[in-house]
Amino acid sequence: MQQYEVIVVGAGPAGYVCAIRCAQLGFKVACIDKRVNAKGKAMLGGTCLNVGCIPSKALLDSTHHFQFLNHEAKTHGLKISGLEADVPAMQKRKNRVVQTLVGGIASLLKKSGVDVFAGTAGFMDSNRIRVEHADGTSRELQGKFIVIASGSVPVAIPVAQVDGDHIIDSTGALELRDVPERLGIIGAGAIGLEMGSVWSRLGSRVVVLEALPDFLPTADQAVSSEAFKILTQQGLDLRMNCRVQGAQVKDGAVHVEYAMDGDKHLVEVDKLVVAVGRGPDTEGLHLDDLEIKTDQRGFIEVDSRWETSVKGIHAIGDVTGGAMLAHKGSEEGVALAELLAGQAGHVNYETIPWVIYTWPEIAWVGKTESQCKESGIEYRTGVFPFMALGRARAMGDAKGLFKIIGDAGTDRILGVHIIGPNASELISEAVVAMESELYTEDLARTVHAHPSLAEGMHEAALALDGRAIHI
Ligand code: FAD
Ligand code: AMP
């Protein structure tokens, strides 16, 4: 039996980052992942790299270029003829991007001295793991600490069972080779909207069915209502308050039944994407045998040091629930490694940025205005539109707004909400400011380069007490 100080189950952004940091800190580390290619080789990087963040962004970027060339290039004086979207070529490029990055993670783990095993891990007891390899062989590893970073899988709903052909999940939506004429999506979360944007830009008529009455309820209302308006203008048919009750494939089409305002409705589509959230992937781990506690939905319960109910077994990333974001899992991986090494690992959950990669992008950090109201916090807001930024106008991309919420008493930044071009990058300034416990006045007094989109942050901070110059 091979002996390790730390065994990490899962090589997603939580697991592989934890493994590398553990190795940097001097531990002897093994990292196991069950995702393998046809040759039985580990496809490291988890959901994020293989079927999540990266492939979705590759397709979003390709289709964003297509959208620009098709509709906006002419406003820049660019005449384009013969433009065509070659979807198989687009998919090939996406797969190359993924392959390259998967290879990169293998090199990083190797360079760090982490032993990688391709296979499914299951607990034998609280410090022994059996790894079942694809070729039917197995091996046993013993570890002082075991970290579960097994991630998540799409949630299945009985009313629309994924058949991998007409009814698909996010993985299927990333792999389509033809543009469906009519595309249905269940769930208006980040994944549903990103997939809807990709295929709508390529020509699909997209209808999104969402059970909740409000659009993007976790975003600030100023941003979600602007997003609803812009995405609708782009052609997404966003139907709120619609609970899907059934989906049948008939004559090559999917008949989707849903209830809205007490009435039954039907919509017919060529493909249906089920994007109703993600649940923990704990299959085959034998958590019950060890009495590792999970919540009602199966997410592993951990304490403030990411330790499960069993001493020496920790869990990080999507499998623990909370914000199901790659960067949240990675930060937990680093913090846990540092705690195991006796250092002071810490994650500030108040400053985790959220991003939805539609165009314009949507990004936020901290509290929304409704959350401030609900908690009885006295606050001020400063809003600044992209329309008033010279750089946004020069780019021809001026939809959206910045909104900063500051504490009325202390002036601390409580939340920053952006919808606009490059919001995913712009939000980092707000994250650093909040992590550093800056005041809105600090943002107002910080020199921002001109012309730049980041000037919007500066102006929104000035707008908090009516000092914005360009509105
Ligand atoms: P995962 O990435 O799910 O990795 C877990 C790994 O554990 C997997 O590789 C799995 O094979 C392995 N595993 C599971 N069980 C076992 C076992 N028993 N033995 C061995 N190995 C096992 N997040 C963002 O922050 N930004 C985005 O833009 C973004 N876009 C997304 C787009 C899509 C379409 C999807 C589906 C998700 C997206 N996410 C995004 C979410 C992000 O992918 C996850 O939050 C992130 O991957 C979680 O990391 P993790 O390491 O916890 O788990
Ligand atoms: P997220 O968890 O952010 O990926 O979003 C998934 C969305 O799917 C949530 O907003 C849910 O309200 C929505 N949803 C879940 N089940 C259904 C259903 N049967 N019909 C329509 N929407 C649903």
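Please read these numbers as outputs of a predicted model, since none were measured by experiment. Quick note: residue numbers are just sequence positions, from 1. For ligands, and for the atoms within them, numbers begin at 1 and follow the listed sequence.
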Has ligand 1 got any nitrogen or oxygen that is less than 3.5 angstrom from a nitrogen or oxygen of Glu194? no
If you measure every N or O of Met324 against every N or O of ligand 1, does any of those distances drop under 3.5 Å? yes
Within the 4.0 Å heavy-atom shell around Ile186, which atoms of ligand 2 are there? 18 (C), 20 (N), 21 (C), 22 (N)
Of Gly277, Ser170, Gly246, which has the heavy atom at the shortest distance from atom 2 (O) of ligand 2? Gly277
What do you reckon, does Ala211 have a nitrogen or oxygen under 3.5 Å from a nitrogen or oxygen of ligand 2? yes
Is it true that Arg21 and Gln24 share a donor-acceptor pair across their side chains at a distance under 3.5 Å? yes
Parallel under 30°, tilted from 30 to 60°, perpendicular over 60°: which one fits the rings of Tyr258 and His265? parallel
Hey, is Lys57 touching ligand 1 through its side chain, its backbone, both or neither, going by heavy atoms under 4.0 Å? side chain
For Gly189, counting its heavy atoms only, list the atoms of ligand 2 lying under 4.0 Å from any of them. 3 (O), 5 (O)
Determine whether the side chain, the backbone, both or neither of Ala160 has a heavy atom under 4.0 Å from any heavy atom of ligand 2. neither
Hey, does Arg278 sit under 4.0 Å from ligand 1 if you only count heavy atoms? yes
Does Val319, backbone or side chain, put an N or O under 3.5 Å from an N or O of ligand 1? no
For Phe145 and Tyr4, I'd like to know if the aromatic rings sit close, meaning centre-to-centre distance below 6.0 Å. no
Ala149 neighbourhood, listing ligand 1 atoms whose heavy-atom distance to it stays under 4.0 Å: 5 (C), 6 (C), 7 (O)
